[in-house]
Amino acid sequence: MDYFPLFADLTDRPCLVVGGGRVASRKVRQLLRAGARITVNASSLDPVLLDMANTGKITATVGEFKPELVIDHLLIVAATSDATVNQAVAAAAAANFRLCNVVDDCEHSSFIVPAIVDREPLTVAISSGGRSPVLTTVIRQKIEGLLPARLGAVARWAEAWRDAVRARFPDLRARRHFWQTELDGAASDLILGGRTAEANRAIVRALAADPARSDRGPGIAYLVGAGPGDPGLITLAGWRLLQQADVVVHDRLVSPALLDLARRDAELITVGKTPSTASISQDEINKLLVQLVEQGNRVCRLKGGDPFVFGRGSEEAEALAAAGMPYQIVPGITAAVGCAAYAGIPLTRRGLAKAVVLITAESATGESEPDWANLAAGEHTLAIYMGVGKLNAVSRQIIAAGRSPDCPTALIENGTTDRQRIVRGTLKELPGLAKKHAVTAPALLLVGQTIALADELAWFTAPPLGTGWPSNSGVAESGKTIWTEPSDLNPGAQT
Ligand code: SAH
C-alpha cells in the first residue's frame, strides 16, 4: 500500500494553506467544510480569500513563506503557482514532521487528497495513489450512480438507534448480524423512501424479536438464476438478493466468484448434483428450503442458468408455495442463450432459423424420451441440454427426424467460462468428435444452420488458465483445454 487511507477530524485544528490564488481558495473551501482553523500565507490574496480574511473565516499572513510558519499546524497545503516555493513548503513540513500536500505534485506530497463520493455522513474516498486521476474520476462516477442520494439519511438513522441496538445485543457478532439485516434490506429501503416512522416501527419490532429468529416469522426464498458460468451474467436483481441472503443454497456449477458476493457471515450450502451422482435428492433440497425459510432466514437458492429452464426451480417453488412460504423468482441467462452468445452462434436468424427449441436429453425414470420426430424436424435451431452422455442416440434420432447428416452442430463445454471449449462438426461426425476430445458435462449441443455464422461472429476466447478469471467448476488443469481444431472449424471437413 503506497498511501495509508484515513479520515481526519480537522474540527478546530490549525491548518496552513500557502498560496493566494484560485487553487488555494478551492483548498481553503474544502478545509473549511471540515471545520479546520485555517491560516493562509501568500504574497497577495485573491478577492475570495480576501473576503474570507475580512470576515474572520480565515487568518491571513501576507508576505513571503517562511519555514517556521509550518510549526503549530497539523496539515499544510502548498498551493502556489511557483514550484520552488511549493517545494520549500514541503521541505519545511517534512523537517517538522508535518503532513503536507503539494497540489498536483505527488512526489513532494506526504499526503494526497482522495476523490470523494459525499453522502454525508457517509463518505467514500477513492485514490489511485496519484497514478491516474482520470481513473479515479471514472470510478467516482460509477460509485455516485450506485449509491442512492439519500444514503446519508440511512447512516444518520442508524446512528440514532446505535445505543438501543448496543444495549439489546452486547455481543459484537450478534450486533453486526442485526445491523446487516436491517441496513441491507427493508429498513434501509424505508428510510431511502422517506418513510422514517415505518422504519422506526420495523426496528422496534426487530429489536423485540428473539435473536434466534424463531419468532421473527418466516423469512423468504429467492430462486435466483446465476447464469451459465461467467459471474458477470447474473442479473442486477439476483446480485442484490444474493448479497442480502442469510443462507445461500447453491448448485455445484455456480461460479465461486458469485459466491464471494454473498455476505461474509452468510451460510453457504452446496447441493451439488452431477449427472452420475445425486448427492442430495431434489426432495431433500425442497425440504431444506422450506425449513430454512420457516426458521426466518432469507435464503438465496442460486441455480445455474435459469431456475425455470431444466432447473427444477418449479419443484422448489411448488414446495415453498405448498408450505405457505414466501418466495421470489429471479430469471437467469439459460445455458442455451449464454453458450450461443459466447460461441458467436445466433439462435435465430432470418432465412436460417425461425425458431429455437430447448430440449433435454435427460428424462426422469419412467418418463418417455423427448419426441424427437416432432422436436427435431424442420429448420429451427435445437439446443439440447444434458446430452453429452447420449450423443450417439441423440444424433441418430435427429437424423431419423429428417435432418441432414451434414447439418452443422456445435458442442459447447463449460460455456461462458474460462474453460469454454467448442467442438464443431456435422451431425454424423459429432459423437466421434466428442469422444475424441473427451467432452464432459456441462455441455450444450446446438444443431442448425446458424452455427456456420460462428466463423464470422466468434469473439470470446477464454483467457489462458491461471490468470485469475474465475472458473465455474473448481481448479482448472492447465494445458488440458482443447480448442476447436482447425479442421473442426469447417463443418464439412473430416477429422
Ligand atoms: N437451469 C439451467 C440448466 C440446468 S440442466 C439453465 O437454464 O441453463 C444442466 C445442463 O445445462 C447441463 O447438462 C448442460 O447441458 C447445460 N449447461 C449448464 N451450464 C452450462 C455451461 N456453462 N456450458 C454448457 N452447458 C451448460
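Each ligand, and each atom within it, is numbered from 1 in the order the structure gives. The figures that follow rest on heavy atoms only: side chains count, while hydrogens, waters and symmetry mates do not.
In the displayed structure, Trp239 atom CH2 is contacted under 6.0 Å by at most 12 heavy atoms of other residues, nucleotides or ligands. Applying the 6.0 Å contact sphere to CG of Asp118 captures more than 12 heavy atoms from other residues, nucleotides or ligands.
With Arg119 as reference, Leu151 is the one residue of Ile143, Val124, Val154, Leu151 to meet the side-chain contact (heavy atoms from CB on, under 4.5 Å) rule.
Listed by number with element, the atoms of ligand 1 under 4.0 Å from a non-hydrogen atom of Phe310 are 3 (C), 4 (C), 5 (S). Those atoms of ligand 1 that come under 4.0 Å of a heavy atom in Val309, given as number and element, are 1 (N), 2 (C), 3 (C), 6 (C), 7 (O). Each of the atoms 1 (N) of ligand 1 lies under 4.0 Å from some heavy atom of Gly311. Atoms of ligand 1 found under 4.0 Å from any heavy atom of Asp306 (numbered from 1 in listed order, with element): 1 (N), 6 (C), 7 (O). For ligand 1, the atoms sitting less than 4.0 Å from at least one non-hydrogen atom of Ala443 are 14 (C), 15 (O), 24 (C), 25 (N), numbered in the order shown with element in parentheses. Heavy-atom proximity to Ile412, at under 4.0 Å, picks out these atoms of ligand 1: 24 (C). Here is the list of ligand 1 atoms found below 4.0 Å of a heavy atom in Gly304: 1 (N), 2 (C), 6 (C).
Looking at Pro228 next to ligand 1, an N or O pair under 3.5 Å apart turns up. Between Thr334 and ligand 1, an N or O atom pair is found at a separation short of 3.5 Å. In terms of N/O distances under 3.5 Å, ligand 1 is not approached by Cys339. Taking any N or O of Gly229, backbone or side chain, none lies under 3.5 Å from an N or O belonging to ligand 1.
Smallest separation of non-hydrogen atoms from Ile329 and Pro331: O-CD, 3.8 Å.
Not one N or O on the side chain of Arg424 forms a donor-acceptor pair closer than 3.5 Å with the backbone of Thr409. Not one N or O on the side chain of Asn414 forms a donor-acceptor pair closer than 3.5 Å with the backbone of Gln420.
Using a 30° and 60° split on the angle between ring planes, Tyr385 and Phe310 fall in the perpendicular class, above 60°.
One option in Arg312, Met386, Glu362 has a heavy atom closer to atom 13 (O) of ligand 1 than any other, and that option is Met386.
For Ala335, heavy-atom contacts with ligand 1 shorter than 4.0 Å involve the backbone as well as the side chain. With a 4.0 Å heavy-atom cut-off, ligand 1 is reached by no atom of Thr417.
Salt-bridge formation is detected for the pair Glu144/Arg140: a Lys NZ or Arg NE/NH1/NH2 atom is positioned less than 4.0 Å from an Asp or Glu carboxylate oxygen. Salt-bridge annotation for Arg301 and Asp251: present, with a side-chain N of the basic residue lying under 4.0 Å from a carboxylate O of the acidic one.
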